[in-house]
Protein chains: 2
Amino acid sequence: MQEPTFLILTALAAQPLHGYGIVQSVIDLSAGEVKLRPGTLYGALDRLADQGLIDVDREEAVEGRLRRYYRLSDDGAAILATEVDRLRKRAETAATQLRQRPGVVPGLSRLAGLHSGLNG
Amino acid sequence: MQEPTFLILTALAAQPLHGYGIVQSVIDLSAGEVKLRPGTLYGALDRLADQGLIDVDREEAVEGRLRRYYRLSDDGAAILATEVDRLRKRAETAATQLRQRPGVVPGLSRLAGLHSGLNG
DNA sequence: CGTCATATATCGGCAACCGAGCTATTGTCG
DNA sequence: CGACAATAGCTCGGTTGCCGATATATGACG
């Protein structure tokens with residue numbers, strides 16, 4: 001699962017939202033890092049509804065325009081929860097690997113050991 | 001950044017590896033969840049080298065076949081570290097949202113409050 | 001001799017995302 | 001009154017990254 005899709009599910013986890021509300025929520029949840037494009041949003045919404053991860057909650061007519069609210073399904077919540085686990089595992093694994101990274105070790109040149117070193 | 005790319009950088013963080021070694025390492029690091037396909041691996045390797053996130057460490061000839069070892073660059077390590085932060089933030093944000101999820105609240109039907117409830 | 005593991009690489013196709021554009025209303029600023 | 005931003009929805013073409021199949025080659029196992 002990609003980041004935009006993940007954030008759409010995340011936004012819908014707390015309460016049902018309509019398209020534009022999702023865009024606003026994702027900006028908020030990602031601290032401004034992710035701004036969903038229409039193509040991404042509506043494509044993902046159709047796809048997630050097909051997969052049963054989200055459902056249409058209700059449709060409101062506000063000032064002539066239609067507002068379609070989406071809701072996270074139980075399946076969607078379960079998938080999101082496993083995805084959270086996955087991200088945590090990936091992050092911790094990568095952090096561990098980075099700690100083992102062979103870096104420039106300043107004390108190991110041929111000059112090290114001269115002048116009596118640490119145990120002089 | 002997608003998961004396969006992230007795991008390739010993760011694998012290379014600890015030590016330089018050749019293509020097939022990366023595949024093995026990623027299986028290990030992901031607890032068998034991710035098995036890189038050749039198309040994914042070599043496509044990503046070329047792309048990451050173009051972006052300067054990895055470098056060719058050395059080339060060894062073992063039994064007539066070439067083994068090309070890749071190494072994580074400083075830029076690659078920095079990108080991976082920011083990506084770790086990102087994943088952690090996304091995971092915690094989603095977990096928080098999931099905790100706020102409106103679920104079926106069993107005590108709130110019209111029958112609640114009858115039979116004296118909790119404080120009887 | 002066939003098959004599996006090791007090892008590298010290419011190609012076509014697909015799915016998800018991006019960016020631009022379109023429609024429409026309300027409200028603000030000049 | 002016109003321009004613009006914000007709210008609200010949607011379509012379409014293009015790019016990117018990943019997948020799966022395929023090709024090549026060696027050594028080991030049965």
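As the structure is a prediction and not an experimental result, all values here were calculated from the model. So you know, we letter chains A, B, ... as the sequences are listed, proteins then strands, and number each from 1.
When each of D/dC18, D/dG9, C/dA9 is scored by its nearest atom to the side-chain atoms of B/Thr40, the top-ranked nucleotide is D/dC18. Of all nucleotides listed (D/dG9, C/dA9, C/dA16), C/dA16 comes nearest to the side chain of A/Arg47.
Taking atom OH of A/Tyr20 as the reference point, atom P of C/dT25 lies 17 Å away to the nearest angstrom. For the pair B/Met1 CE and D/dT16 C1', the interatomic distance rounds to 14 Å; values are reported in whole Å. Atom pair B/Tyr42:OH and D/dT24:P shows a separation of 17 Å (rounding to whole Å applied). Summarising the geometry, the separation between CD on A/Gln2 and C1' on C/dA16 is reported as 5 Å, rounded to the nearest angstrom. Rounded to an integer number of Å, the gap from CD1 of A/Ile22 to P of D/dA8 is 12 Å. The interatomic distance linking B/His18 (NE2) with C/dA5 (P) rounds to 17 Å, in whole Å. If you take CG of B/Leu36 and P of C/dT8, they are 13 Å apart, rounded to a whole angstrom. Rounded to a whole Å, the CZ atom of A/Arg67 is 14 Å from the C1' atom of C/dA24.
Contact check on A/Arg90 versus B/Glu3 returns a salt bridge, with a Lys/Arg side-chain nitrogen under 4.0 Å from an Asp/Glu carboxylate oxygen. In summary, B/Arg101 and A/Asp74 engage in a salt bridge, as defined by a charged side-chain N under 4.0 Å from a carboxylate O. Note on B/Glu60 versus B/Arg68: no salt bridge recorded, every NZ/NE/NH1/NH2 to OD/OE distance being 4.0 Å or above.
Put simply, B/Arg37 has no side-chain N or O that comes within less than 4.0 Å of OP1 or OP2 on D/dG17. Taking only side-chain nitrogens and oxygens, A/Thr5 never comes nearer than 4.0 Å to OP1 or OP2 of C/dA16.
Of the residues near DNA chain D, B/Gly39 and A/Gln24, the one whose nearest nucleotide (by heavy atom distance) lies more toward the 5' end is A/Gln24. Between B/Gln51 and B/Pro38, the residue anchored closer to the 5' end of DNA chain D is B/Gln51, taking for each the nucleotide with the nearest heavy atom.
Panel note: side chain A/Thr93, backbone A/Lys89; a donor-acceptor pair is recorded below 3.5 Å. Between the side chain of B/Thr96 and the main chain of B/Glu92, a donor-acceptor pair closer than 3.5 Å is present.
Residue B/Leu66 is classed as a sugar-phosphate contact, given heavy-atom separations below 4.0 Å to backbone atoms only.
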